[in-house]
Amino acid sequence: MVNEPLSNSSNFSFITVVLFWCSLVVVSCVYLTIPLITVFADVFKVSSSQAAWAGSAFSFAFAGGGLFFGVLSDRFGRKKMMLSGLLLLTVITPLIGSVSSFSWLVALRAIQGLAASMFPPSVLAYAMEMFPIKRRITIIGFISTAFLMATIVGQIYSSYIVLFFSWSYIFYILFAVYLISFILITFIAKDATLQSDGSFFSAFLRIGHIFKKKGLPLCYIISATLFISLVGFFTTLGSYLNSSLFGLSHQDILWVRVVGIIGMLIAPFDGRLVAKFGIKNVLWCGLIFAGIGLGLLGLWPNLIFLVSMSVVFIIGIAVALPALISLIGHIAGEIRAIAVSFHMFMVFIGASLGPILSIYLINHGGYLFSFEILAGLLCLSLIVPFFIRLEETRS
C-alpha cells in the first residue's frame with residue numbers, strides 16, 4: 001500500500017479532531033439504547049429482557065461486521081469503507097425512529113450495526129498508514145479515547161433527548177450528525193493507493209494466523225470480559241438508580257453518567273504508563289482497579305459512594321483497554337491489523353452479552369448479585385496475563 005503521510009501540523013490537528021469526532025459519533029450508537037430499555041419496554045409492551053435486544057442486535061452485527069469489513073478495507077481502501085459506513089448510517093438511522101413495531105426496531109438496529117461496523121477498523125488502519133510515526137501514537141490515542149468515551153456519551157445523548165422529546169428524535173437528530181460526518185470525511189481524508197495481492201478470499205484466510213501466535217488468543221478472553229463488565233455495569237447501574245432504593249429520575253441518572261467521563265481522561269496517557277511500567281503490569285493494574293470499583297459498588301447504597309466507585313471502575317477500564325491493545329499489537333507483529341480487528345470483534349461480542357447477562361442476574365439475584373458476578377469476571381481475567389509470555393523487542 002502506497003500513501004503520502006499527513007505531516008503538516010495544521011492539517012494534523014484538524015484531521016485529528018475530525019477523526020475523533022467521527023469515531024465518537026459512530027461508536028456512541030452502540031450504547032444509545034442502554035438507557036432506553038425501560039422506555040422500549042413501555043412503548044412496545046415487551047419485557048426488559050426483550051427490550052435489551054435493541055442494543056444486543058446492534059452489537060452482534062457490529063462485532064461480526066467489524067471483522068468482515070476490517071479485512072475488506074485492505075482490498076477496497078480505508079476512505080471508501082469509512083464513507084460507505086457513514087452513508088448507510090445516514091440512510092438507515094432516521095428509519096429506526098419511524099418504526100411502530102419492536103421486531104422492526106431490532107431488525108433495523110442490526111442493519112445499523114453492520115453499517116457502523118465499517119468505520120472503526122478502517123479509521124484505525126487509516127491512522128496507522130497515513131500519519132508519520134511520530135504522530136501516529138497521538139492520533140491512535142485520540143481515536144481509542146473516542147471509542148471509550150462513546151460508552152458514556154451515547155448514553156448521555158439518548159438520556160438527554162428522551163427527557164424533552166420522544167425516543168424517535170434520538171435517531172432523527174443523528175441523521176444530521178452522520179450526514180455532516182460523511183461530508184467531513186469526503187473532503188479531509190486522503191485515499192491510499194492499494195496494491196492487493198491474492199484473491200478476494202485470501203485476505204480472510206489470514207484471520208486464522210492470529211490463532212497460531214502463542215498467547216494472542218488468550219488476550220481475546222480479556223477483550224470480551226472487559227466489555228461484558230463495562231456494558232453490564234451501565235445496564236445494572238441505570239436500573240439500580242431508577243429503583244425504589246434511589247428513585248432517581250432520568251435527568252439525575254444522566255448526571256451520574258456524566259461524572260464517569262472523569263475516569264476516561266487517563267486513557268490518552270496510558271502510553272506513558274506502558275513505557276514506564278510495562279504492558280502486563282499496566283494491564284493488571286487496570287483490571288484490579290476495575291474489579292475493586294465494580295465489586296464495592298453495590299455494598300453500600302449511598303449515592304456519593306456509588307458514584308465514587310463508578311469512577312474507580314471506569315479508571316480501571318481506561319487503563320486496561322489501551323494496554324490490552326498494545327499487548328495484542330506486541331504479540332501479533334506483522335499481522336497486527338487483523339489481530340486488532342479480531343479484538344474489536346470480541347469487544348463487541350462482550351458488549352452484546354453485557355445487557356442480556358446483567359438483566360438476567362438482576363432478575364435472579366438482584367443488583368448486588370449482578371455487580372459481584374461482573375466483578376468476578378474481571379478478577380478471573382487477572383489470571384490470563386500469567387500465561388502470556390512477552391519477548392523483549394527493541395523500540
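Note that the structure is predicted; figures quoted are calculated from it, not measured.
- Closest approach of Ala115 and Ile92 over heavy atoms only: CB-CD1, 4.3 Å.
- Side-chain contact between Val26 and Leu86 is present, with at least one heavy-atom pair separated by less than 4.5 Å.
- Separation of the Phe233 and Phe313 ring centroids falls under the 6.0 Å cut-off.
- For residues 167-185, the set of pairs meeting the side-chain hydrogen bond (donor to acceptor under 3.5 Å, both in side chains) definition, not counting sequence neighbours, comprises Trp21-Ser181.
- When all heavy atoms are compared, the tightest approach of Ala320 to Leu283 is O-CD1, 3.6 Å.
- Atom CZ of residue Phe62 and atom CG of residue Leu114 lie 10.5 Å apart, to the nearest 0.5 angstrom.
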Fill in: Candidate pair Leu95 and Val99, rule side-chain contact (heavy atoms from CB on, under 4.5 Å), full reasoning
CA-CA 7 Å; Leu95 297 179; Val99 299; over 6 Å; no

Going by atom type alone, with no hydrogens or angles, which donor-acceptor pairs under 3.5 Å involve a side-chain atom of residues 365-380 and a protein atom two or more places apart or on another chain?
residue : atom : partner : partner atom : Å
Tyr367  : OH   : Ser239  : O            : 3.4
Tyr367  : OH   : Ser239  : OG           : 3.2
Ser370  : OG   : Thr236  : OG1          : 2.9

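- Around atom CZ of Phe187, no more than 12 heavy atoms belonging to other residues, nucleotides or ligands sit under 6.0 Å away.
- If you chain together ILVMFWY residues whose side-chain heavy atoms come under 4.5 Å of each other, Ile37 ends up grouped with Ile359.
- With values rounded to the nearest 0.5 angstrom, Thr151 atom OG1 is found 8.5 Å from Ile261 atom CD1.
- Val17 belongs to no hydrophobic cluster with other residues, because no ILVMFWY side-chain heavy atom falls under 4.5 Å from its own, directly or through intermediates.
- Residue pairs meeting the side-chain hydrogen bond (donor to acceptor under 3.5 Å, both in side chains) criterion with at least one partner in residues 58-70, sequence neighbours excluded, are absent.
- Listed by chain and number, the residues in a side chain to side chain donor-acceptor pair (under 3.5 Å) with Thr93 are Gln112 (sequence neighbours excluded).
- Under the 3.5 Å distance criterion, the side-chain polar atoms of Tyr31 are left unmatched by any main-chain donor or acceptor of Val231.
- Going from atom CE of Met118 over to atom CZ of Phe68 covers 8.5 Å, rounded to the nearest 0.5 Å.
- Annotation for Leu287 and Ser381: closest pair CD2-OG, 3.7 Å, computed over non-hydrogen atoms.
- Listed by first and then second residue, the ring-ring contact (aromatic ring centres under 6.0 Å, His included) pairs that reach into residues 77-122 are Phe44-Phe102, sequence neighbours excluded.
- For the atom pair OG1 (Thr235) and CG (Leu357), the distance works out to 9.5 Å, reported to the nearest 0.5 Å.
- Taken from CG in Leu174 to CG in Leu32, the straight-line distance is 6.0 Å, to the nearest 0.5 Å.
- Listed by chain and residue number, Phe289, Met309 satisfy the side-chain contact (heavy atoms from CB on, under 4.5 Å) test with Val312 (two or more places apart in sequence, or in another chain).
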What pairs of donor and acceptor atoms, side-chain ones from residues 49-57 against any protein atom, are under 3.5 angstrom apart with sequence neighbours left out?
residue : atom : partner : partner atom : Å
Gln50   : OE1  : Ser47   : N            : 3.0
Gln50   : OE1  : Ser47   : OG           : 3.3
Ser56   : OG   : Ala52   : O            : 3.4
Ser56   : OG   : Ser352  : O            : 2.9

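- For the residue pair Leu327 and Cys219, the shortest heavy atom distance occurs at CD2-SG, 3.8 Å.
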For residues 291-308, run the donor-acceptor check on the side chains, cut-off 3.5 Å, and write out each pair with its distance to 0.1 Å, sequence neighbours left out.
residue : atom : partner : partner atom : Å
Asn302  : OD1  : Ile304  : N            : 3.1
Asn302  : OD1  : Phe305  : N            : 3.0
Ser308  : OG   : Ile304  : O            : 2.9

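- For Leu218, the side-chain contact (heavy atoms from CB on, under 4.5 Å) criterion is met by Ile221, Val384, Phe387, Ile388, not counting sequence neighbours.
- In this structure Phe175 satisfies the ring pair (Phe, Tyr, Trp, His ring centres under 6.0 Å) test with no other residue, sequence neighbours excluded.
- Interatomic distance, Thr186 OG1 to Lys79 NZ, rounded to the nearest 0.5 Å: 6.5 Å.
- In this pair, Tyr240 and Phe246 present their aromatic rings perpendicular. The plane angle is above 60°, beyond the 30 to 60° band.
- Ring geometry, Phe342 versus Tyr220: the interplanar angle exceeds 60°, so the pair is classed perpendicular (tilted spans 30 to 60°).
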Worksheet entry | CA sep, side-chain torsions, deciding dist, call: Cys22, Ile185, side-chain contact (heavy atoms from CB on, under 4.5 Å) | CA-CA 8 Å; Cys22 293; Ile185 293 294; 3.8 Å; yes

